[in-house]
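Not measured: the values here are computed from a predicted model. Scope of the values below: all heavy atoms of this structure, side chains included, with no hydrogens, waters or symmetry mates.
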Amino acid sequence: MGESEGDGERRPARRALLIGGAAAALVAGGAVLERDRLSRLWWRLPGAQKPRAAGAVDFRGARWLAASPANYRRADRPYDYAIDRVVVHVTQGSRSSAVKAFQDPGHQAAAHYIVGADGQVTQMIRELDVAFHAGNRAFNERSVGIEHEGFVERASSFTDAMYAASARLTARICERYGIPVDREHIVGHAEVPGADHTDPGPHWDWDRYMGLVRRAASGTT
């Protein structure tokens with residue numbers, strides 16, 4: 001399961017567009033930016049955040065259940081932090097126990113998604129935001145975390161429906177952010193630098209999973 005960033009220090013958001021730069025762009029060469037373009041850029045100014053719809057999900061078909069705000073950090077990814085990793089976790093418990101933990105402000109950790117044994121995808125944190133799931137601040141900022149219902153020591157935890165749903169989810173994340181579909185960019189929690197977790201463990205079939213992700217990414221599933 002995910003764990004906290006291990007570092008309570010907050011850094012100021014890195015925005016690509018500053019107020020002064022926007023004003024200069026408006027008058028440079030006598031050109032005026034189109035109104036609809038400005039409407040897309042205002043939230044990239046310092047102190048602004050991208051508009052969000054309550055209950056919106058990033059993966060079609062996912063069910064939304066909000067994590068406690070104590071278990072993630074608001075952000076505007078990929079504009080302030082580039083996303084180039086997917087981290088695979090195992091909950092070491094049921095889906096309901098993971099949801100309960102991620103909604104507990106004292107837990108200090110949560111992942112963006114939980115994939116159930118039945119293939120149902122639950123989203124608890126928007127991909128815009130930095131989830132405290134990897135135990136490594138830099139990895140938290142650059143990755144999307146996916147929990148899988150079950151136990152690392154039980155091969156039976158990893159069902160066909162789970163593999164298929166998780167592969168479709170990972171393929172869409174990789175497509176959205178231009179992440180290469182390979183084992184350098186799709187990693188287990190145990191492979192995160194400094195991690196003391198063992199998930200997804202020896203029974204997670206990486207060859208099968210990566211094959212499913214590639215097929216999903218190519219549109220053959």
Side-chain angles (χ1 to χ4, degrees), residues 1-3 56-65 67 72 75 77-78 81-92 95 98-99 102 109-136 138-150 152 155 157-193 195 197-221:
M1 190 180 290
E3 61 183 61
V57 295
D58 298 302
F59 180 69
R60 187 170 62 183
R63 176 181 61 165
W64 175 258
L65 290 173
Y72 66 92
R77 301 190 310 168
Y81 302 105
I83 299 174
D84 66 0
R85 295 290 190 278
V86 175
V87 180
V88 173
H89 302 262
V90 174
T91 60
Q92 286 301 98
R95 173 172 46 200
V99 168
F102 294 169
H112 295 90
Y113 294 97
I114 303 171
V115 181
D118 59 2
Q120 172 65 52
V121 177
T122 301
Q123 183 168 7
M124 301 195 69
I125 299 171
R126 291 293 305 276
E127 292 174 15
L128 289 164
D129 296 324
V130 176
F132 303 159
H133 66 97
N136 177 309
F139 258 74
N140 285 345
E141 290 170 349
R142 72 193 302 178
S143 67
V144 174
I146 305 175
E147 289 278 2
H148 296 81
E149 179 181 25
V152 296
S157 292
F158 309 129
T159 65
D160 293 345
M162 175 185 287
Y163 274 121
S166 180
R168 289 192 296 272
L169 171 59
T170 293
R172 296 289 77 77
I173 294 168
C174 290
E175 178 184 46
R176 187 155 38 248
Y177 304 109
I179 302 172
V181 179
D182 59 35
R183 286 284 285 114
E184 180 182 351
H185 296 86
I186 302 171
V187 302
H189 191 179
E191 297 170 293
V192 174
H197 285 222
T198 62
D199 53 319
H203 299 297
W204 182 262
D205 190 337
W206 278 109
D207 289 339
R208 176 185 182 186
Y209 185 64
M210 295 301 296
L212 289 169
V213 176
R214 292 186 185 100
R215 287 197 288 276
S218 67
T220 59
T221 57

Exercise. Regarding D58 and Q123, is there a side-chain donor-to-acceptor distance under 3.5 Å anywhere?
Worked result: yes
For this session: Could you please spell out the steps behind the side chain to side chain contact (heavy atoms under 4.5 Å, CB included) verdict for Y209 and V213?
Result: CA-CA 6 Å; Y209 185 64; V213 176; 4.0 Å; yes
For this session: Measure the shortest side-chain to side-chain distance between E175 and V181 over non-hydrogen atoms and say whether it is less than 4.5 angstrom.
Result: no
Exercise. Is there a side-chain contact between I114 and M124, using heavy atoms and a 4.5 Å cut-off?
Worked result: yes
For this session: Look up atom CD in E147 and atom NE2 in H112, then write down how far apart they are to the nearest 0.5 Å.
Result: 12.0 Å
Exercise. For F139, does its backbone N or O pair with a side-chain atom of S143 as donor and acceptor, under 3.5 Å?
Worked result: yes
Problem set entry | Nearest heavy-atom neighbours spanning N140 and A134 | OD1-N, 2.9 Å
Exercise. For the residue pair N136 and P193, what are the closest heavy atoms and their distance?
Worked result: ND2-O, 3.0 Å
For this session: Kindly say whether R77 contributes a backbone atom to a donor-acceptor pair with the side chain of E127 at under 3.5 angstrom?
Result: no
Exercise. Are R183 and D207 close enough for a salt bridge, meaning some N to O gap below 4.0 Å?
Worked result: no
Seminar exercise, completed: Scanning both residues in full, the closest heavy-atom pair of D129 with Y72 reads OD2-CE1, 3.7 Å
Problem set entry | Parallel, tilted or perpendicular, as decided by the 30° and 60° cut-offs, for the rings of H89 and H133 | perpendicular
Seminar exercise, completed: Separation between NE2 (H148) and OG1 (T91), nearest 0.5 Å, reads 10.0 Å
Exercise. What is the minimum heavy-atom distance between F102 and A109, and which atoms define it?
Worked result: CD2-O, 3.4 Å
Seminar exercise, completed: Value for OG1 (T170) from CD1 (I179), rounded to nearest 0.5 Å, stands at 9.0 Å
Exercise. Is the ring centre of F59 less than 6.0 Å from the ring centre of W64?
Worked result: no
Problem set entry | Contact summary for A110 and A131, nearest pair of heavy atoms | O-CB, 3.4 Å
Problem set entry | Side-chain heavy-atom pair I146, V88 within 4.5 angstrom cut-off | no
For this session: Just say parallel, tilted or perpendicular for the rings of W204 and F158, cut-offs at 30° and 60°.
Result: perpendicular
Seminar exercise, completed: Rounding to 0.5 Å, atoms CD (E191) and CD (E184) come to a distance of 11.0 Å
Seminar exercise, completed: Interatomic distance, CZ@R176 vs CD1@I173, rounded to 0.5 Å, equals 6.5 Å
For this session: Start with the C-alpha gap between V121 and R168, add the side-chain angles, then the distance that decides, and say whether side chain to side chain contact (heavy atoms under 4.5 Å, CB included) holds.
Result: CA-CA 10 Å; V121 177; R168 289 192 296 272; over 6 Å; no
For this session: State, to 0.1 Å, how close A117 and T159 come at their nearest heavy-atom pair, and which atoms those are.
Result: O-OG1, 2.6 Å
Exercise. Should W206 and P200 count as side-chain neighbours, where that means a heavy-atom distance under 4.5 Å?
Worked result: yes
Exercise. What distance do L212 atom CG and Y163 atom OH have between them, rounded to the nearest 0.5 Å?
Worked result: 9.0 Å
